Trainee: 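Shown below is the structure under consideration.
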Amino acid sequence: MRAAILNGNGPLDSVRMGEIDAPTMGKDEILVRVCAAAINPADLKVVSGTDGGAFLHAKNFPTAFGFDFSGVVEAVGADVHDRSVGDEVFGFLAYSRSTRQGSFAEFVAIKPDTVGVKPPNITHEEAAAAATAGSTALQALEEKGRLRSGQRVLVNGASGGVGSYAVQIASQLGAEVWGTASTAKADFVKSLGAARVIDYKTTSLADIDEKFDVVLDAASMSSFGEVKSILRPGGAYITLLPSLGLFAGMLQGFLSGKRCGFVMVKARSADLNRLADWLAEGKIEASVDATLPLDEVPAALATQEAGKVQGKLAVTVATH
Ligand SMILES: NC(=O)c1ccc[n+]([C@@H]2O[C@H](COP(=O)([O-])OP(=O)(O)OC[C@H]3O[C@@H](n4cnc5c(N)ncnc54)[C@H](OP(=O)(O)O)[C@@H]3O)[C@@H](O)[C@H]2O)c1
């Protein structure tokens with residue numbers, strides 16, 4: 001199958017387009033013909049093999065890579081009874097040191113209880129863009145942050161993939177949302193529903209003159225110590241990247257009556273279907289900044305690395 005292929009870790013120009021074996025479907029899996037994929041910072045880490053990239057994907061080359069996908073079920077395993085050939089599904093491949101699959105390719109094989117049903121009125125590009133970013137935002141805000149209606153949340157990195165979904169999902173959960181972003185992307189964050197947008201380059205989180213029930217550090221650039229003064233009593237700081245400081249923050253949180261948490265996103269049908277419903281009803285938008293064809297995955301990765309994306313970059317893998 002045609003795919004973006006990694007022949008080893010290195011700079012982005014080591015990514016090549018070419019042919020690689022299609023994945024073999026297990027008895028409890030479905031084979032999905034990929035129509036669209038989306039770019040994540042995790043893809044950059046897999047290519048470089050740094051920043052934890054070695055824990056996200058196999059270092060067994062040559063390999064396909066890429067996580068988010070949306071497509072059409074091509075075949076179902078003998079033990080699968082709740083999906084049929086022709087179903088339109090979306091989701092993301094699990095982070096794993098053993099996977100050699102990737103969504104920047106024509107096929108993925110995946111367990112059916114980890115995919116959502118793509119609504120007919122959204123595109124495959126929109127569905128793929130929502131998969132990791134939307135699931136991460138939802139799990140961080142609702143499960144880890146325990147965000148409730150009427151509360152106030154600050155999203156650090158609100159113009160990025162996870163952040164742009166977090167602003168919209170927090171609004172859906174009934175919260176008042178503030179966000180941080182660079183000046184050029186402030187209007188984008190406001191358009192997503194943020195009540196206030198703060199430039200992280202000129203105002204540090206600790207200097208924000210307001211208190212929050214939840215601070216979601218989608219950019220994962222801060223620490224519990226930096227934000228604890230802007231958390232209300234019982235408030236939660238949630239980050240997306242593990243670090244040594246995280247464990248110190250968990251202890252400080254425990255001692256201060258606040259919480260410091262970390263989310264590692266899980267692919268679950270229930271979460272993906274909730275995102276699908278919000279997208280289908282127009283309650284959230286997919287935040288697709290631009291869409292590129294499969295052969296331009298190397299260029300799309302370079303755009304992501306340069307920090308030029310508002311929301312998400314999507315990839316059309318096959319015309320549909
Ligand atoms: N744990 C998990 O399961 C999980 C899941 C998904 C993602 N992640 C990780 O979470 C991080 C964010 O993912 P993403 O997809 O949202 O990335 P992204 O689309 O690249 O967005 C990054 C965001 O960070 C902002 N930013 C950059 N420097 C900043 C700073 N110094 N202070 C505050 N904000 C800053 C950017 O703002 P401007 O563009 O306006 O400058 C942008 O909004 C990545 O490291 C990713 O690997 C983890």
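In this chain, numbering begins with 1 at the start of the sequence shown. No experiment lies behind these values; they were computed from the predicted model shown. Both ligands and their constituent atoms are indexed starting at 1 by order of listing.
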Trainee: Could you check whether Ser222 and Asp217, counting side-chain N and O atoms only, form a donor-acceptor pair closer than 3.5 Å?
Mentor: yes
Trainee: I want to know whether Phe104 and Phe69 have ring centres closer than 6.0 Å.
Mentor: no
Trainee: Counting heavy atoms only, which of Ala38, Gly179, Ser182, Ala140 comes nearest to atom 40 (O) of ligand 1?
Mentor: Ser182
Trainee: Heavy-atom distances under 4.0 Å decide this one: backbone, side chain, both or neither, for Asp51 against ligand 1?
Mentor: neither
Trainee: Take every heavy atom of Lys201, measure it against each atom of ligand 1, and state whether any distance is under 4.0 Å.
Mentor: no
Trainee: Can you tell me how far apart CD (Gln252) and CZ (Phe224) are? Round to the nearest 0.5 Å.
Mentor: 6.0 Å
Trainee: Using heavy atoms and a 4.0 Å limit, tell me yes or no: is Asn156 in contact with ligand 1?
Mentor: yes
Trainee: What do you reckon, does Ala133 put a non-hydrogen atom under 4.0 Å from ligand 1?
Mentor: no
Trainee: Could I get the full list of side-chain contact (heavy atoms from CB on, under 4.5 Å) partners for Gln310, not counting sequence neighbours?
Mentor: Lys185, Phe188, Asp289
Trainee: Out of Gly161, Ser159, Gly53, who gets a non-hydrogen atom closest to atom 19 (O) of ligand 1?
Mentor: Gly161
Trainee: Report yes or no: does Gln304 have a heavy atom closer than 4.0 Å to ligand 1?
Mentor: yes
Trainee: Please confirm whether Ala219 comes within less than 3.5 Å of ligand 1 when only nitrogen or oxygen atoms on both sides are compared.
Mentor: no
Trainee: Does ligand 1 have an atom under 4.0 Å from some heavy atom of Asn40?
Mentor: no
